[in-house]
Undergrad: 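Once you've had a glance at the structure underneath, I'll fire off some questions.
Keep in mind that the numbers below use all heavy atoms, side chains included, and drop hydrogens, waters and symmetry copies. Here the structure is a predicted model, which is why all the values come from computation and not from measurement.
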Number of protein chains: 2
Amino acid sequence: MQKPTDAELEILQVLWQEGPSTVRQVNDILGRRRDIGYTTSLKLMQIMHEKGLVTRIEDGRTHIYAAAVAERDTQSYLLQEFVDQTFRGSAMNLVMQALGNHQEVSAEEIEAIKSLIAKMEQEQNNRPS
Amino acid sequence: MQKPTDAELEILQVLWQEGPSTVRQVNDILGRRRDIGYTTSLKLMQIMHEKGLVTRIEDGRTHIYAAAVAERDTQSYLLQEFVDQTFRGSAMNLVMQALGNHQEVSAEEIEAIKSLIAKMEQEQNNRPS
DNA sequence: AAACATCTACGAAATTTTTCGTAGTTCCAA
DNA sequence: TTGGAACTACGAAAAATTTCGTAGATGTTT
(Lines give C-alpha, C1' and ligand atoms only; values in the text may rest on other atoms or scores of the structure.)
Protein backbone atom coordinates (compact mmCIF):
# COMPACT_ATOMS: atom_id res chain seq x y z
CA MET A 1 0.00 0.00 0.00
CA GLN A 2 1.14 3.51 -0.85
CA LYS A 3 1.46 5.43 2.37
CA PRO A 4 -0.57 8.63 2.28
CA THR A 5 1.12 11.79 3.52
CA ASP A 6 -0.57 13.87 6.21
CA ALA A 7 -2.29 16.13 3.72
CA GLU A 8 -3.39 13.15 1.69
CA LEU A 9 -4.82 11.43 4.72
CA GLU A 10 -6.78 14.55 5.50
CA ILE A 11 -8.40 14.33 2.09
CA LEU A 12 -9.03 10.61 2.39
CA GLN A 13 -10.83 11.30 5.64
CA VAL A 14 -13.15 13.67 3.84
CA LEU A 15 -13.82 11.19 1.06
CA TRP A 16 -14.48 8.38 3.51
CA GLN A 17 -16.82 10.51 5.50
CA GLU A 18 -18.61 12.32 2.72
CA GLY A 19 -18.41 9.77 -0.04
CA PRO A 20 -17.42 10.60 -3.63
CA SER A 21 -16.88 14.33 -3.96
CA THR A 22 -15.60 17.01 -6.25
CA VAL A 23 -12.49 19.01 -5.55
CA ARG A 24 -14.73 21.93 -4.71
CA GLN A 25 -16.59 19.98 -2.09
CA VAL A 26 -13.45 18.64 -0.51
CA ASN A 27 -11.85 22.04 -0.53
CA ASP A 28 -14.85 23.60 1.13
CA ILE A 29 -14.67 21.13 3.97
CA LEU A 30 -10.95 21.51 4.45
CA GLY A 31 -11.46 25.26 4.30
CA ARG A 32 -13.57 25.16 7.44
CA ARG A 33 -10.59 24.06 9.44
CA ARG A 34 -7.75 26.01 7.88
CA ASP A 35 -6.76 28.28 5.04
CA ILE A 36 -6.19 26.28 1.92
CA GLY A 37 -6.27 27.34 -1.70
CA TYR A 38 -8.45 25.60 -4.22
CA THR A 39 -5.55 24.61 -6.44
CA THR A 40 -3.78 23.14 -3.47
CA SER A 41 -6.58 20.67 -2.93
CA LEU A 42 -6.79 20.08 -6.65
CA LYS A 43 -3.10 19.33 -6.99
CA LEU A 44 -3.14 17.01 -4.02
CA MET A 45 -6.04 15.07 -5.41
CA GLN A 46 -4.36 14.82 -8.78
CA ILE A 47 -1.26 13.43 -7.14
CA MET A 48 -3.36 11.00 -5.15
CA HIS A 49 -4.93 9.90 -8.38
CA GLU A 50 -1.53 9.20 -9.90
CA LYS A 51 -0.60 7.22 -6.82
CA GLY A 52 -3.80 5.26 -6.97
CA LEU A 53 -5.11 6.48 -3.64
CA VAL A 54 -8.27 7.76 -5.26
CA THR A 55 -10.28 7.03 -8.35
CA ARG A 56 -12.13 9.61 -10.34
CA ILE A 57 -14.77 9.80 -12.99
CA GLU A 58 -15.64 12.67 -15.22
CA ASP A 59 -18.91 14.37 -14.66
CA GLY A 60 -19.29 17.03 -17.26
CA ARG A 61 -16.30 19.23 -17.05
CA THR A 62 -15.51 18.32 -13.46
CA HIS A 63 -14.24 15.19 -11.76
CA ILE A 64 -15.76 13.22 -8.98
CA TYR A 65 -13.19 11.64 -6.74
CA ALA A 66 -13.59 8.62 -4.50
CA ALA A 67 -11.24 6.91 -2.07
CA ALA A 68 -9.58 3.93 -3.72
CA VAL A 69 -8.34 2.50 -0.47
CA ALA A 70 -10.55 1.25 2.34
CA GLU A 71 -10.60 3.18 5.57
CA ARG A 72 -10.04 0.08 7.65
CA ASP A 73 -7.10 -1.10 5.61
CA THR A 74 -5.47 2.27 5.73
CA GLN A 75 -5.99 2.57 9.44
CA SER A 76 -4.50 -0.88 9.95
CA TYR A 77 -1.50 -0.03 7.90
CA LEU A 78 -0.87 3.28 9.59
CA LEU A 79 -1.54 1.80 13.00
CA GLN A 80 1.06 -0.87 12.48
CA GLU A 81 3.62 1.74 11.52
CA PHE A 82 2.68 3.94 14.41
CA VAL A 83 2.96 1.11 16.90
CA ASP A 84 6.40 0.27 15.62
CA GLN A 85 7.65 3.82 15.56
CA THR A 86 6.15 5.12 18.74
CA PHE A 87 5.54 2.09 20.95
CA ARG A 88 8.42 -0.04 19.73
CA GLY A 89 6.03 -2.57 18.36
CA SER A 90 4.03 -3.09 21.51
CA ALA A 91 0.38 -2.81 20.59
CA MET A 92 -0.51 -3.60 24.17
CA ASN A 93 1.29 -0.58 25.47
CA LEU A 94 -0.54 1.52 22.96
CA VAL A 95 -3.88 0.06 23.97
CA MET A 96 -3.25 0.54 27.65
CA GLN A 97 -2.20 4.10 27.12
CA ALA A 98 -5.16 4.85 24.88
CA LEU A 99 -7.56 3.42 27.43
CA GLY A 100 -5.80 5.15 30.27
CA ASN A 101 -5.75 8.55 28.63
CA HIS A 102 -9.38 8.70 27.75
CA GLN A 103 -11.40 8.38 30.91
CA GLU A 104 -14.57 9.17 29.08
CA VAL A 105 -15.41 5.67 28.01
CA SER A 106 -19.08 4.87 27.74
CA ALA A 107 -20.68 1.73 29.10
CA GLU A 108 -21.31 0.49 25.59
CA GLU A 109 -17.69 0.87 24.69
CA ILE A 110 -16.62 -1.00 27.75
CA GLU A 111 -18.98 -3.79 26.80
CA ALA A 112 -17.49 -3.89 23.35
CA ILE A 113 -14.03 -4.31 24.70
CA LYS A 114 -15.15 -6.93 27.16
CA SER A 115 -16.64 -9.07 24.47
CA LEU A 116 -13.56 -8.67 22.36
CA ILE A 117 -11.49 -9.74 25.31
CA ALA A 118 -13.72 -12.74 25.82
CA LYS A 119 -13.21 -13.70 22.22
CA MET A 120 -9.48 -13.39 22.60
CA GLU A 121 -9.53 -15.57 25.68
CA GLN A 122 -11.34 -18.26 23.78
CA GLU A 123 -8.73 -18.19 21.09
CA GLN A 124 -6.13 -18.42 23.83
CA ASN A 125 -7.69 -21.60 25.15
CA ASN A 126 -8.14 -23.16 21.77
CA ARG A 127 -4.62 -22.45 20.74
CA PRO A 128 -2.45 -25.55 20.53
CA SER A 129 0.59 -25.24 22.74
CA MET B 1 5.54 20.01 23.49
CA GLN B 2 7.75 20.20 20.43
CA LYS B 3 6.70 17.45 18.05
CA PRO B 4 9.62 15.27 17.07
CA THR B 5 9.97 14.39 13.40
CA ASP B 6 10.26 10.75 12.38
CA ALA B 7 14.03 10.79 12.42
CA GLU B 8 14.04 12.53 15.75
CA LEU B 9 11.66 10.02 17.24
CA GLU B 10 13.94 7.25 16.08
CA ILE B 11 16.76 8.80 18.06
CA LEU B 12 14.60 9.40 21.10
CA GLN B 13 13.71 5.72 21.06
CA VAL B 14 17.38 4.84 21.24
CA LEU B 15 17.99 7.25 24.10
CA TRP B 16 14.98 5.99 26.01
CA GLN B 17 16.05 2.42 25.55
CA GLU B 18 19.78 2.76 26.04
CA GLY B 19 19.93 5.71 28.36
CA PRO B 20 22.34 8.62 27.91
CA SER B 21 24.57 7.99 24.93
CA THR B 22 27.11 9.57 22.67
CA VAL B 23 26.44 10.31 19.03
CA ARG B 24 28.67 7.39 18.17
CA GLN B 25 26.61 4.98 20.22
CA VAL B 26 23.34 6.21 18.80
CA ASN B 27 24.70 6.10 15.29
CA ASP B 28 25.93 2.54 15.74
CA ILE B 29 22.49 1.40 16.79
CA LEU B 30 20.73 3.20 13.99
CA GLY B 31 23.32 1.78 11.63
CA ARG B 32 22.18 -1.75 12.37
CA ARG B 33 18.85 -1.00 10.78
CA ARG B 34 19.77 1.21 7.88
CA ASP B 35 22.54 3.14 6.20
CA ILE B 36 23.11 6.38 8.00
CA GLY B 37 26.16 8.60 8.08
CA TYR B 38 27.73 9.66 11.33
CA THR B 39 27.28 13.35 10.66
CA THR B 40 23.64 12.77 9.91
CA SER B 41 23.06 11.48 13.41
CA LEU B 42 25.22 14.23 14.80
CA LYS B 43 23.33 16.97 13.02
CA LEU B 44 19.98 15.56 14.06
CA MET B 45 21.03 15.41 17.67
CA GLN B 46 22.33 18.97 17.51
CA ILE B 47 19.00 20.10 16.14
CA MET B 48 17.20 18.18 18.84
CA HIS B 49 19.35 19.90 21.39
CA GLU B 50 18.38 23.29 20.03
CA LYS B 51 14.75 22.29 20.17
CA GLY B 52 15.10 21.08 23.71
CA LEU B 53 14.25 17.48 22.91
CA VAL B 54 17.52 16.30 24.41
CA THR B 55 20.02 17.55 26.93
CA ARG B 56 23.72 17.03 26.72
CA ILE B 57 26.77 17.26 28.87
CA GLU B 58 30.36 17.40 27.83
CA ASP B 59 32.54 14.46 28.59
CA GLY B 60 36.02 15.25 27.47
CA ARG B 61 35.81 16.22 23.86
CA THR B 62 32.56 14.40 23.22
CA HIS B 63 29.00 14.95 24.31
CA ILE B 64 26.66 12.66 26.13
CA TYR B 65 23.07 13.13 25.12
CA ALA B 66 19.96 12.23 27.07
CA ALA B 67 16.28 12.46 26.25
CA ALA B 68 14.79 15.62 27.70
CA VAL B 69 11.20 14.49 27.22
CA ALA B 70 9.61 11.52 28.92
CA GLU B 71 8.72 8.51 26.81
CA ARG B 72 5.20 8.35 28.24
CA ASP B 73 4.49 11.99 27.65
CA THR B 74 5.71 11.84 24.10
CA GLN B 75 3.71 8.72 23.39
CA SER B 76 0.62 10.37 24.79
CA TYR B 77 1.10 13.42 22.70
CA LEU B 78 1.73 11.51 19.50
CA LEU B 79 -1.09 9.11 20.24
CA GLN B 80 -3.54 11.93 20.61
CA GLU B 81 -2.50 13.36 17.29
CA PHE B 82 -2.62 9.99 15.62
CA VAL B 83 -6.08 9.25 16.93
CA ASP B 84 -7.32 12.55 15.59
CA GLN B 85 -5.69 12.20 12.21
CA THR B 86 -6.28 8.58 11.53
CA PHE B 87 -9.28 7.58 13.63
CA ARG B 88 -11.10 10.88 13.56
CA GLY B 89 -10.66 11.24 17.28
CA SER B 90 -12.12 7.90 18.24
CA ALA B 91 -9.69 6.25 20.62
CA MET B 92 -12.11 3.36 20.95
CA ASN B 93 -11.90 2.56 17.29
CA LEU B 94 -8.17 2.58 17.54
CA VAL B 95 -8.20 0.27 20.53
CA MET B 96 -10.59 -2.16 18.92
CA GLN B 97 -8.53 -2.28 15.80
CA ALA B 98 -5.29 -2.69 17.68
CA LEU B 99 -6.72 -5.56 19.69
CA GLY B 100 -8.28 -7.10 16.64
CA ASN B 101 -5.18 -6.96 14.53
CA HIS B 102 -2.86 -8.58 16.98
CA GLN B 103 -4.19 -12.00 17.78
CA GLU B 104 -1.09 -12.87 19.71
CA VAL B 105 -2.16 -11.49 23.02
CA SER B 106 -0.81 -13.28 26.05
CA ALA B 107 -2.89 -14.26 29.03
CA GLU B 108 -1.09 -11.71 31.17
CA GLU B 109 -1.90 -8.98 28.75
CA ILE B 110 -5.53 -9.95 28.69
CA GLU B 111 -5.56 -9.82 32.46
CA ALA B 112 -4.03 -6.38 32.38
CA ILE B 113 -6.73 -5.11 30.10
CA LYS B 114 -9.43 -6.74 32.17
CA SER B 115 -8.31 -5.06 35.32
CA LEU B 116 -8.09 -1.76 33.54
CA ILE B 117 -11.61 -2.28 32.27
CA ALA B 118 -12.76 -3.10 35.76
CA LYS B 119 -11.24 0.10 37.00
CA MET B 120 -13.00 2.04 34.28
CA GLU B 121 -16.31 0.47 35.15
CA GLN B 122 -15.91 1.56 38.73
CA GLU B 123 -15.29 5.08 37.64
CA GLN B 124 -18.37 4.81 35.48
CA ASN B 125 -20.48 3.88 38.47
CA ASN B 126 -19.02 6.50 40.72
CA ARG B 127 -19.52 9.19 38.18
CA PRO B 128 -22.22 11.71 39.12
CA SER B 129 -24.84 11.87 36.42
C1' DA C 1 56.29 14.70 15.83
C1' DA C 2 53.92 12.93 11.98
C1' DA C 3 50.12 10.36 10.50
C1' DC C 4 45.78 8.98 11.62
C1' DA C 5 41.34 8.56 13.90
C1' DT C 6 37.48 10.85 16.05
C1' DC C 7 34.98 14.59 17.61
C1' DT C 8 32.07 19.08 16.93
C1' DA C 9 30.16 22.82 14.19
C1' DC C 10 28.03 24.30 10.34
C1' DG C 11 26.58 25.22 5.63
C1' DA C 12 24.30 23.49 2.19
C1' DA C 13 22.70 19.85 -1.02
C1' DA C 14 19.07 16.48 -1.61
C1' DT C 15 14.62 14.86 -0.85
C1' DT C 16 9.91 15.07 0.36
C1' DT C 17 5.77 17.47 1.04
C1' DT C 18 2.79 21.36 0.60
C1' DT C 19 1.24 25.37 -1.58
C1' DC C 20 0.05 28.29 -5.20
C1' DG C 21 0.18 30.98 -9.76
C1' DT C 22 -0.76 30.87 -14.54
C1' DA C 23 -2.68 29.26 -18.75
C1' DG C 24 -6.18 27.29 -21.28
C1' DT C 25 -10.96 25.49 -21.61
C1' DT C 26 -15.87 25.42 -20.87
C1' DC C 27 -20.14 26.94 -19.03
C1' DC C 28 -23.52 30.41 -18.03
C1' DA C 29 -25.65 34.80 -17.46
C1' DA C 30 -26.36 39.51 -18.88
C1' DT D 1 -21.51 37.39 -27.98
C1' DT D 2 -19.12 38.96 -24.49
C1' DG D 3 -17.51 38.76 -19.80
C1' DG D 4 -17.02 36.38 -15.75
C1' DA D 5 -17.01 32.26 -12.91
C1' DA D 6 -15.39 27.60 -12.32
C1' DC D 7 -12.81 23.79 -13.92
C1' DT D 8 -8.33 21.10 -15.11
C1' DA D 9 -3.41 20.68 -16.00
C1' DC D 10 0.98 21.67 -14.79
C1' DG D 11 5.28 23.87 -13.44
C1' DA D 12 7.49 25.52 -9.93
C1' DA D 13 8.07 28.08 -5.56
C1' DA D 14 8.03 27.40 -0.61
C1' DA D 15 8.56 24.83 3.40
C1' DA D 16 9.97 21.00 6.04
C1' DT D 17 12.96 17.24 6.70
C1' DT D 18 16.97 14.42 6.00
C1' DT D 19 21.52 13.74 4.55
C1' DC D 20 26.21 14.64 4.03
C1' DG D 21 30.78 17.09 3.07
C1' DT D 22 34.28 19.97 4.82
C1' DA D 23 36.90 22.42 8.19
C1' DG D 24 39.03 22.73 12.43
C1' DA D 25 40.27 20.90 16.96
C1' DT D 26 41.93 17.28 19.77
C1' DG D 27 43.35 12.83 21.05
C1' DT D 28 46.11 8.47 19.80
C1' DT D 29 49.49 5.54 17.75
C1' DT D 30 53.77 4.47 15.82
Side-chain angles (χ1 to χ4, degrees), chain A residues 1-15 20-66 69 74 77-78 81-82 85-86, chain B residues 1-15 20-66 69 74 77-78 81-82 85-86:
Chain A
M1 172 178 296
Q2 246 289 26
K3 181 185 177 181
T5 66
D6 284 354
E8 288 169 351
L9 182 59
E10 205 182 357
I11 287 177
L12 283 176
Q13 293 287 4
V14 173
L15 294 178
S21 312
T22 63
V23 174
R24 174 66 56 192
Q25 290 168 325
V26 170
N27 184 253
D28 282 350
I29 290 180
L30 295 186
R32 288 180 202 156
R33 288 180 251 164
R34 61 193 181 87
D35 262 12
I36 182 170
Y38 177 82
T39 54
T40 299
S41 299
L42 172 66
K43 179 66 166 185
L44 273 172
M45 292 169 79
Q46 286 171 341
I47 291 172
M48 292 169 78
H49 182 238
E50 280 172 24
K51 289 191 186 176
L53 288 172
V54 298
T55 59
R56 71 182 190 187
I57 57 173
E58 295 200 23
D59 176 39
R61 93 190 139 119
T62 129
H63 287 140
I64 296 180
Y65 287 82
V69 290
T74 306
Y77 178 82
L78 294 176
E81 250 197 9
F82 182 72
Q85 275 193 350
T86 308
Chain B
M1 174 178 295
Q2 246 289 26
K3 180 184 177 182
T5 67
D6 284 355
E8 287 169 352
L9 182 58
E10 206 183 356
I11 287 177
L12 282 176
Q13 293 288 3
V14 173
L15 293 178
S21 312
T22 63
V23 173
R24 174 65 57 193
Q25 290 168 325
V26 169
N27 183 253
D28 282 350
I29 290 180
L30 296 185
R32 288 180 201 156
R33 289 179 250 165
R34 62 192 181 85
D35 262 12
I36 183 170
Y38 176 82
T39 54
T40 299
S41 299
L42 172 66
K43 179 67 166 184
L44 275 172
M45 292 169 80
Q46 285 171 342
I47 291 172
M48 293 169 78
H49 183 238
E50 280 172 24
K51 289 191 186 175
L53 288 172
V54 298
T55 58
R56 73 181 189 186
I57 57 173
E58 294 200 25
D59 175 39
R61 93 189 141 120
T62 130
H63 286 140
I64 296 181
Y65 288 81
V69 290
T74 306
Y77 178 82
L78 294 176
E81 249 197 9
F82 182 72
Q85 276 192 348
T86 308

Undergrad: Tell me, with the steps shown, if B:Thr62 and B:Val23 meet side chain to side chain contact (heavy atoms under 4.5 Å, CB included).
TA: CA-CA 8 Å; B:Thr62 130; B:Val23 173; over 6 Å; no
Undergrad: Identify each atom pair where a protein N or O and an N or O of nucleotides 1-4 of chain D are less than 3.5 Å apart, giving names and distance.
TA:
none

Undergrad: To the nearest 0.5 Å, how far apart are CD in B:Gln13 and CD1 in B:Ile29?
TA: 12.0 Å
Undergrad: How many angstroms lie between atom CG of B:Leu12 and atom OG1 of B:Thr5, to the nearest 0.5 angstrom?
TA: 9.0 Å
Undergrad: Check each residue of residues 49-64 of chain A for a non-hydrogen atom within less than 4.0 Å of any atom in DNA chain D, then write out the ones that pass by number, or none.
TA: A:Arg56, A:Arg61, A:Thr62, A:His63
Undergrad: OG/A:Ser41 to CD1/A:Ile11 distance, rounded to the nearest 0.5 angstrom?
TA: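 Going from the OG atom of A:Ser41 to the CD1 atom of A:Ile11 covers 5.5 Å.
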Undergrad: Apply salt bridge (Lys or Arg N to Asp or Glu O under 4.0 Å) to B:Arg32 and list each qualifying residue two or more places apart in sequence or on a separate chain.
TA: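 Partners of B:Arg32 by the salt bridge (Lys or Arg N to Asp or Glu O under 4.0 Å) criterion come out as none, since no residue qualifies.
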Undergrad: With no hydrogens and no angle check, is any side-chain donor or acceptor of A:Gln85 less than 3.5 Å from a backbone partner on B:Glu10?
TA: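 No; judged by distance alone, with no hydrogens or angles, the pair does not exist.
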Undergrad: Can you check whether A:Thr22 reaches A:Gln25 side chain to side chain, under 4.5 Å on heavy atoms?
TA: yes
Undergrad: Please give, in whole Å, the distance from D:dT19 P to B:Leu44 CG?
TA: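 Atom-to-atom, B:Leu44 to D:dT19, this comes out as 7 Å.
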Undergrad: Could you tell me which non-hydrogen atom of A:Gly37 sits nearest to which non-hydrogen atom of A:Asn27, and how far apart they are?
TA: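 Answer, listing the atom of A:Gly37 first, then A:Asn27: O-ND2, 3.3 Å.
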Undergrad: Taking only heavy atoms on the protein side, list every residue of residues 1-11 of chain B lying under 4.0 Å from any atom of DNA chain C, sorted numerically.
TA: none
Undergrad: Which distance, rounded to the nearest 0.5 Å, do you find between the CG of A:Leu30 and the OG1 of A:Thr40?
TA: 10.0 Å
Undergrad: Extract, from 5' to 3' on DNA chain C, the first and final nucleotides lying under 4.0 angstrom from some heavy atom of chain A.
TA: C:dT17 to C:dC27
Undergrad: What is the separation between atom CD on A:Gln46 and atom P on D:dA9, rounded to the nearest whole Å?
TA: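 Answer to the nearest Å: 5 Å.
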Undergrad: Could you tell me the separation between the OG1 atom of B:Thr86 and the CG atom of A:Leu78, rounded to the nearest 0.5 Å?
TA: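 Here the rounded value is 5.0 Å.
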Undergrad: Between atom CZ of B:Arg24 and atom CG of B:Leu42, what is the distance when rounded to the nearest 0.5 Å?
TA: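 If we round to the nearest 0.5 Å, B:Arg24:CZ and B:Leu42:CG are 10.0 Å apart.
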Undergrad: Donor-acceptor pairs under 3.5 Å, side chain of residues 44-58 of chain B to any protein atom, not counting sequence neighbours: which ones?
TA:
unit_1, atom_1, unit_2, atom_2, d
B:Lys51, NZ, B:Glu8, OE1, 3.3
B:Lys51, NZ, B:Glu8, OE2, 2.9
B:Arg56, NH1, B:Tyr65, OH, 2.9

Undergrad: DNA chain C: A:Arg34 or B:Tyr38, which has the more 5' nearest nucleotide?
TA: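 Result: B:Tyr38.
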Undergrad: Of all the heavy-atom pairs spanning A:Pro4 and A:Leu9, show the shortest one and how long it is.
TA: CB-N, 4.1 Å
Undergrad: Would you kindly give the NZ-to-P distance between A:Lys43 and D:dA14, to the nearest whole Å?
TA: 16 Å
